[in-house]
Amino acid sequence: MPGANDDDETLIDLQQELRSSHVQEVLERLDHELVGLVPVKTRIRETAALLLVDRLRKKLEIASETPTLHMSFTGNPGTGKTTVAQRMAEILHRLEYSRTGHLVSVTRDDLVGQYIGHTAPKTKEVIKKAMGGVLFIDEAYYLYRPENERDYGQESIEILLQVMENNREDLVVILAGYKDRMDVFFRSNPGIRSRVAHHIDFPDYTPDELFAIARLMLDELNYRFSAEAEDAFREYIRIRMTLPHFANARSIRNALDRARLRQANRLFAAAGALTKADLITIEAQEILASRVFIEGQRDLEGNAGAAGRASGAPD
Amino acid sequence: MSMRITQGTFSFLPDLSDEQITHQLKYCIDNDWAVNVEYTDDPHPRNTYWEMWGLPMFDLKDPAGILYEVNQCRKAFGNHYIRVSAFDASSGVESLRLSFIVNRPAEEPGFRLDRTDTAGRNVRYSLHTYSADKPSGERYS
């Protein structure tokens, strides 16, 4: 059949398609705004490539089903799962796999009701709000509580399963949580596991990456470290990573917030005329005043330190 | 002979397809109207308040969520009248902006005109729904 042969030879410009979808911009922004996370970025690039090729196939009317896009993001707190989910929603929107590209972020509380008959409408309400975009379920493993067989979480999971299967073109579900607990969750809910096609693991940041993140955050806030403060902050990161309740980038953000507070206090106490440089510079003393240095010291000396205390994270 | 009920917007057109319904719903969402799904088995024109299917839907971003509810309602009341109404709250009250039928029974027997003689050879007219002779729930089965 000569006609079919001609068809096979039709030239497709993949680059042109890439440009017209504007996905490249999102990917570049992802590279630029997110420090580290190399395996995550690679996976997202791969996913975007797959979707782009799939879209081309659809244009040439090669039959293929809508790919399953549900994902699971696993990793420790503060490794950027929510941020990446937002970018993912944008990528899916540009590739026309999601009509609105909005992200609805929920936890167990938003899905599971408190009495019989409360869960189904609540879950459906959330699902309806997320339709056309992405539903991001943070700490999804809380939905399943094996120790309580009358827990309503199971009902919520069943509704989700149904929608994940039947409304695949309307909704993309991203489940997020700690790696080990998500593994248990998937093991005990094989239905969910089989419907989630992409598992992306978020690695912890290295000290250098955390420092780069701190620089980026300060830049956005129009602050900067003095040279001594930079050294102090590197030291801060080193000690903070060994202490409990370490939450990667979130801990860094908290530390910077405290430093800004102390900086403002110092400026007030000095009560003299200020220059613009004073207003935007964070000095070493603001970093060194942190409780982390004292607690880290105590740990090194072999005392109980922060680990034994019930109070929150030292910042 | 069946009589096609014409109530609400688009009712003189052929029944809307799901795709056309989706476009109308998108228009409602883009205007920030709250959308409600209602059903009834008494299509009398003076029957203003139909049964509500769930709560009105606020803050949706995409019509798929409403169409989902319409389909759920069709599943439960496939042989009833189902309409979608959109309310605009911008004036301080929920005022109806758009209402159209999205589902109707296979057989629509229609209405009969009743004439009643009253004092002084006056005549009073009333509309009688044939289907309303049966108890609610059995009218269109």
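A note on names: the letters A, B, ... follow the listed sequences, proteins ahead of strands, and every chain is numbered from 1.
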Using a plain distance cut of 3.5 Å, could you tabulate donor-acceptor pairs between chain B and chain A?
{"residue": "B/D62", "atom": "OD1", "partner": "A/R99", "partner atom": "NE", "Å": "2.9"}
{"residue": "B/D62", "atom": "OD2", "partner": "A/R99", "partner atom": "NE", "Å": "3.3"}
{"residue": "B/D62", "atom": "OD2", "partner": "A/R99", "partner atom": "NH2", "Å": "2.5"}
{"residue": "B/E69", "atom": "OE2", "partner": "A/K128", "partner atom": "NZ", "Å": "2.9"}

Q: With sequence neighbours left out, write down each residue that passes salt bridge (charged side-chain N to carboxylate O under 4.0 Å, His left out) with B/R46, or none if nothing qualifies.
A: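 Listed in chain order: nothing, the list is empty.
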**Q.** Partner set under salt bridge (charged side-chain N to carboxylate O under 4.0 Å, His left out) for B/R83, not counting sequence neighbours
**A.** B/E38
Between [X] (side chain only) and [Y] (backbone N and O only), is there a donor and an acceptor less than 3.5 Å apart?
| X | Y | answer |
| --- | --- | --- |
| B/R4 | B/P14 | no |
| B/Q20 | B/S17 | yes |
| B/T129 | B/F111 | no |

Q) Under the side chain to side chain donor-acceptor pair (under 3.5 Å) rule, what pairs show up with a residue in residues 115-125 of chain B, not counting sequence neighbours? A)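 Checked against side chain to side chain donor-acceptor pair (under 3.5 Å) - neighbours excluded - no pair reaches residues 115-125 of chain B.
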